[in-house]
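Quick notes on the structure that follows.
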Amino acid sequence: MTDTKLAPGDAAPDFTLPTADGGEVSLDAYHGKRVILYFYPAAMTPGCTKQACDFRDNLGRLTAEGFAVLGVSKDKPAKLAKFAEHDSLTFPLLSDPELEIHKAYGAYGTKKLYGKEVVGVIRSTFVIDADGKIEQALYNVKATGHVASLKKKLGLS
C-alpha cells in the first residue's frame, strides 16, 4: 500500500460527508474561508476526546481568526452525535466509514503503534487556505497539546 501524503500548495481533495446531526458538509461550502480539517481514529476514546475538547475550547479564538474547524473519523453519524452531545462539541463532526477521504488526505495507512507497523487512521490535521489549497499538512500529531502547537504554527498564540 502506497501512503500518499499531501504537502503545502497541493489542492485539498474535495468531499461531501454526512454529519453527526444528519446533514452533509462539503469542503466546497467553505471556499473563501480557511479550514482546519482534522482526522482522528475514534470518537469517545480518551485521546480523541482530549483533542476534540481542545478544539472546542479554542473554537472562539479560531473562529475569530477566520477558521472553520471540521473533525473527521470513520465513526457512523449516530456515534458522532453521541460524542458531540457528551462533550458539547459545537463544530461539525463528519463520518467517513469507507475511509475514502482519509485515504485522499493520506490520513489512513501504515503507522507505528507501540513499536509495530500497523495500518490504520493516522491522526492528522490540515490547514486549508481560502482558495482550497493545503497550507499545512501535519501527520502523526499528538492528541494532547496539538491545538496549542497548531495555534503557534498559525501565529495565534
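We're numbering straight along the sequence, starting at 1.
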Do [X] and [Y] share a hydrophobic cluster (ILVMFWY, side-chain heavy atoms under 4.5 Å, transitive)?
| X | Y | result |
| --- | --- | --- |
| Tyr139 | Val72 | yes |
| Tyr38 | Leu156 | yes |
| Val141 | Leu94 | no |
| Val69 | Val25 | no |
| Leu80 | Met44 | yes |

Verify, without hydrogens or angle tests, whether [X] (side chain) and [Y] (backbone) share a donor-acceptor contact under 3.5 angstrom.
| X | Y | result |
| --- | --- | --- |
| Asp10 | Leu6 | no |
| Asp96 | His102 | yes |
| Asp131 | Lys133 | no |
| Thr45 | Ala43 | no |
| Ser73 | Asp75 | yes |
| Arg123 | Lys142 | no |

| Does a side chain donor of either Lys111 or Asn140 reach within less than 3.5 Å of an acceptor in the other side chain? |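 Not at all, the side chains of Lys111 and Asn140 share no donor-acceptor pair under 3.5 Å.
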| task | Would you confirm whether the ring centroid of Phe55 sits within less than 6.0 angstrom of the ring centroid of Tyr40? | result |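 No, too far apart.
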Within-4.5 Å side-chain heavy-atom neighbours: [X] and [Y]:
| X | Y | answer |
| --- | --- | --- |
| Glu135 | Pro8 | no |
| Leu154 | Arg34 | yes |
| Phe83 | Leu89 | yes |
| Lys153 | Leu138 | yes |

| request: Please determine which of Leu59, Leu62, Thr63 meets the side-chain contact (heavy atoms from CB on, under 4.5 Å) test together with Phe91. | output: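 Checked Leu59, Leu62, Thr63 against Phe91; only one passes side-chain contact (heavy atoms from CB on, under 4.5 Å): Leu59.
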Looking at [atom1] of [X] and [atom2] of [Y], how far apart are the two atoms once the value is rounded to the nearest 0.5 Å?
| X | Y | atom1 | atom2 | result |
| --- | --- | --- | --- | --- |
| Tyr105 | Ile134 | OH | CD1 | 5.5 Å |
| Gln136 | Ile36 | CD | CD1 | 9.0 Å |
| Leu70 | Leu17 | CG | CG | 9.5 Å |
| Glu85 | Asp21 | CD | CG | 12.5 Å |
| Leu27 | Leu37 | CG | CG | 7.0 Å |
| His146 | Ser124 | NE2 | OG | 9.0 Å |

If I compare all heavy atoms of [X] with all of [Y], which pair ends up nearest, and what's the gap?
| X | Y | answer |
| --- | --- | --- |
| Asp28 | Asp14 | N-OD1, 3.3 Å |
| Pro77 | Thr19 | CB-O, 3.5 Å |
| Asp54 | Ala143 | OD2-O, 4.2 Å |
| Ile122 | Gly109 | CD1-N, 3.7 Å |
| Lys76 | Pro97 | NZ-CB, 3.7 Å |
| Pro13 | Ala104 | CG-O, 3.6 Å |

| request: Run the numbers on Phe39 and Tyr108 for side-chain contact (heavy atoms from CB on, under 4.5 Å), then give the verdict. | output: CA-CA 9 Å; Phe39 292 83; Tyr108 185 85; over 6 Å; no
| task | Give a yes/no verdict on a cation-pi contact between Lys33 and Phe67, requiring under 6.0 Å between NZ or CZ and the six-membered ring centre and an angle within 45° of the axis. | result |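 No, cation not above the ring by the 6.0 Å, 45° rule.
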| task | Check whether more than 12 heavy atoms from other residues, nucleotides or ligands sit under 6.0 Å from atom CD of Glu65, and answer yes or no. | result |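 Counting neighbours around CD of Glu65, more than 12 heavy atoms of other residues, nucleotides or ligands fall under 6.0 Å, so yes.
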